[in-house]
Amino acid sequence: MKRRIFLKNTALTGSYFMLKNTPVLVQKSYLESIPNLLCLWDFAGDTPFQAKGKYPYILKKAAGELPLTKEGVLANGSVTIAENAYLYIPRNECSGLNIRGPQAQVTLLAWVRRRLKSTTPQECEAIAGMWNETQRKRQYCLFLNIRLHGSSDQVCGHISGIGGPTVGEKWCVDVSIGQTPVLYDEWTFVAMTYDGSQIRSYHNGRFDAHEDRNPYHYPQGIFDGGEDGSDFTVGAVHRLGEIGNDFCGQLSGLAIFDRALSDQEIAAIHQAYPLPQPERLQVLASGLAFPEGPVFAKDGSLWGVELQGQGLVQLQNGQLKRYHVGGKPNGLAFHKNGELWFCDAEKNAIRVFNPATKTTKTLLETIEGMPLNAPNDLAFDSAGNLVFTCPGNSRQEPTGYVALLSSDGIARKIAEGLYFPNGLAFSADGKQLFVAETYRHRLWKGDWDHTRHQWTHANVWAEVEGPSGPGGPDGMAFGEDGNLYVAVYGTGKIQVINKLGKICHTISLPGSNPTNCAFDPDGKLGLIITEAQNGQLLSYRTSLKGIIN
């Protein structure tokens, strides 16, 4: 007991001070000194795939390239794992990792920087463990993105006491699922423990409590796979007759204990090994007069509007160009013919700018015999139909509407009775349309029929955390991860809404009034954000690309 208290205090005080001066020596001695460590891989030094700790097991390359880099968390090293590439130790060579039995305990720790999969982004991701679903030889495994019980992207600790699927289920569903998503492109400390009674999942050193799922009560113990049970695998598991459930990204450390570490011990480890925190926000342009409507051209240039500057702007090769069009330009979208279509709230019109000739024309001014009511934002569906919002003066009364200009030139309203309808976006498959209702701080979702031009079964799908004063959800864009990124005016945040309509993450900004956002389809600039308080065009660095309908 005294030794454990000493180690805990060292991690929280003196050892952390020394960490800044001698990171490798202190970090090595600290993790290796924690009782019951079986294996620790830091992917650095002369033998990056050989474990430190009780068992000096060597991870073998099973398939694909597994490049090493001199960056990471534990000892300035990491291995990059891509699809169809993983590491393993044959079962007969790692008996010390064959943790099993009714009283068995286990802890898995990993330091990861997650990347999006190119082929199966919605499939769950195995970090490490003894887990063979094909042979019904499941024991223990640390996963991400298990996609059970309405979850996605969280840390998941899997334990099986029977080897096969949970009784009455197609799969093993005995798993603790955290609350916090593991983000792409940033280092995250993930962990699971099992003490013979509960499975627990951790995110960045914190027990990530989740109602009914974390902790997960499971007193059945760990299955004994026998001599022909699962190998120990890293970055994938065997399922459906082949290796799959790939993890993609960097792995900077992996540690396994044959006891359940306490919440305090895991928190101390996180403090002892600070995660790199690179700056992800970059200012691309400043001095803009209420920027809005970011959109990318086929040549890679970025376009936007200055609502109070009566013009469009183009950013290409670091150079900003302005084009005066008059009025109050707002939402912006490229037509398939290369023309820029935009809403003009002052002229009550849908207008078109030709980048080749630098000329502007008015396309639509009336709908159902009445002038357009301050059109705000717009988007094309997959068939070339234009959908746009007209909030008018609907902050206090539900007089706003959503309208359509079909590809054959017919305009009509498709939804009415809204409090300031604003940003809108189509799902990746084009089958759903999402609309922001700014002054009710909520998002609507409905089915979209591009042949009949109908938005049906529209209901409130999500609520955002809006400001107490004017503002709320404005422009928005879908990412490759399936989440909806919403600029919430007045909050200084992009709020990320998951597939269940819940806020799963927020991106804090230097200004209070984000107006819109768009992903770079080439993945070079990440998420582009227009922010009106400081008049800035911002880039949030991420490998995620945009959804192009």
Side-chain angles (χ1 to χ4, degrees), residues 36-41 51 53-55 57 59-60 62 86-110 124-146 148 155-167 169-177 190-202 214-247 254-261:
N36 294 78
L37 174 70
L38 301 181
C39 291
L40 166 65
W41 291 275
K54 184 176 181 180
Y55 300 112
Y57 294 146
L59 289 169
K60 299 182 179 182
Y86 68 101
L87 296 159
Y88 79 109
I89 308 172
R91 187 176 186 83
N92 60 6
E93 296 179 15
C94 61
S95 59
L97 298 181
N98 186 15
I99 301 168
R100 64 199 186 280
Q103 305 302 319
Q105 297 190 17
V106 67
T107 295
L108 273 78
L109 314 176
C124 56
E125 302 160 41
I127 302 297
M130 284 187 158
W131 196 262
N132 187 321
E133 297 180 6
T134 301
Q135 292 183 300
R136 303 167 72 90
K137 300 286 186 176
R138 300 168 174 90
Q139 290 180 242
Y140 62 89
C141 192
L142 175 61
F143 278 90
L144 305 178
N145 195 34
I146 203 69
L148 290 173
V155 183
C156 305
H158 240 323
I159 295 291
S160 176
I162 60 175
T166 302
V167 176
E169 301 284 349
K170 183 178 181 180
W171 310 106
C172 175
V173 298
D174 298 309
V175 57
S176 65
I177 303 173
V190 299
M192 66 165 284
T193 66
Y194 178 61
D195 63 0
S197 177
Q198 289 184 341
I199 316 172
R200 299 168 70 86
S201 294
Y202 297 79
N214 193 28
Y216 181 77
H217 183 64
Y218 191 73
Q220 284 90 328
I222 301 179
F223 179 69
D224 184 352
E227 293 184 2
D228 64 342
S230 175
D231 297 335
F232 181 80
T233 57
V234 176
V237 294
H238 211 286
R239 91 287 181 267
L240 301 176
E242 61 183 6
I243 288 290
N245 287 350
D246 303 323
F247 165 78
L254 179 65
I256 305 173
F257 298 78
D258 62 357
R259 70 178 176 91
L261 299 188

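Quick note: numbers below take in every heavy atom, side chains included, and nothing from hydrogens, waters or symmetry partners.
Between M130 and L97, the closest heavy-atom pair is SD-O, 3.4 Å. Of all heavy-atom pairs spanning I99 and A104, the tightest one is CG2-CB, 3.9 Å. Considering all non-hydrogen atoms of both residues, T134 and G241 come closest at OG1-N, 2.9 Å. Here the closest heavy-atom approach between residue L37 and residue G53 is recorded as CD2-CA, 4.0 Å. Minimum heavy-atom separation, G221 to Y194: N-OH, 3.0 Å.
Taking the side chain as every heavy atom from C-beta outward, I199 and V175 never approach each other to under 4.5 Å. Contact of the N132 side chain with the D231 side chain is not registered, since no non-hydrogen atoms from C-beta on lie closer than 4.5 Å. Looking only at side-chain heavy atoms (C-beta outward), T193 and V106 stay at 4.5 Å or farther from each other. Side-chain contact check for L109 versus F257: some heavy-atom pair is nearer than 4.5 Å. Residues L144 and I127 form a side-chain contact, since some pair of their non-hydrogen atoms from C-beta on lies under 4.5 Å apart. Within the 4.5 Å cutoff, no side-chain heavy atoms of S176 are placed close to those of Y202. The shortest side-chain heavy-atom distance between E133 and P165 does not fall under the 4.5 Å cut-off.
Classified by interplanar angle (parallel below 30°, tilted 30° to 60°, perpendicular above 60°), the ring pair Y88/Y86 is tilted. Ring geometry for Y140 against F232 counts as tilted: the plane angle lies between 30° and 60°, on a 0 to 90° scale.
For R136, the CZ atom sits in a loose shell: 12 or fewer heavy atoms of surrounding residues, nucleotides or ligands are nearer than 6.0 Å.
Rounded to the nearest 0.5 Å, atoms CE (M192) and CG (L261) are 11.5 Å apart. Note that CD of Q139 is 6.5 Å distant from OG of S230, once rounded to the nearest 0.5 Å. To the nearest 0.5 angstrom, I159 atom CD1 is 9.0 Å from C172 atom SG. Between the CG atom in D258 and the NZ atom in K54 there is a gap of 6.5 Å [rounded to 0.5 Å]. Here the CG-CG distance, from L254 to L40, works out to 8.0 Å after rounding to the nearest 0.5 Å. Here the straight-line distance linking atom OG of S201 with atom CG of N214 works out to 4.5 Å at 0.5 Å rounding.
The side-chain hydrogen bond (donor to acceptor under 3.5 Å, both in side chains) test applied to D228 returns K137, not counting sequence neighbours. The salt bridge (charged side-chain N to carboxylate O under 4.0 Å, His left out) test applied to K60 returns E93, not counting sequence neighbours. Annotation: side-chain hydrogen bond (donor to acceptor under 3.5 Å, both in side chains) contacts of W41 (sequence neighbours excluded): none.
A donor-acceptor contact closer than 3.5 angstrom is absent between the side chains of D174 and Q220. Checking D195 against Q198 by side-chain atom types alone, no donor-acceptor pair falls below 3.5 Å. Between the side chains of N98 and R91, at least one donor N or O lies within less than 3.5 Å of an accepting N or O.
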CA sep, side-chain torsions, deciding dist, call: R138, F223, side-chain contact (heavy atoms from CB on, under 4.5 Å): CA-CA 7 Å; R138 300 168 174 90; F223 179 69; over 6 Å; no
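The backbone N or O of G161 sits less than 3.5 Å from a side-chain atom of Y218, completing a donor-acceptor pair. No donor-acceptor pair closer than 3.5 Å links the side chain of T166 to the backbone N or O of E169.
Exactly one residue among L108, I146, V237, N245 makes a side-chain contact (heavy atoms from CB on, under 4.5 Å) with C141. That residue is V237.
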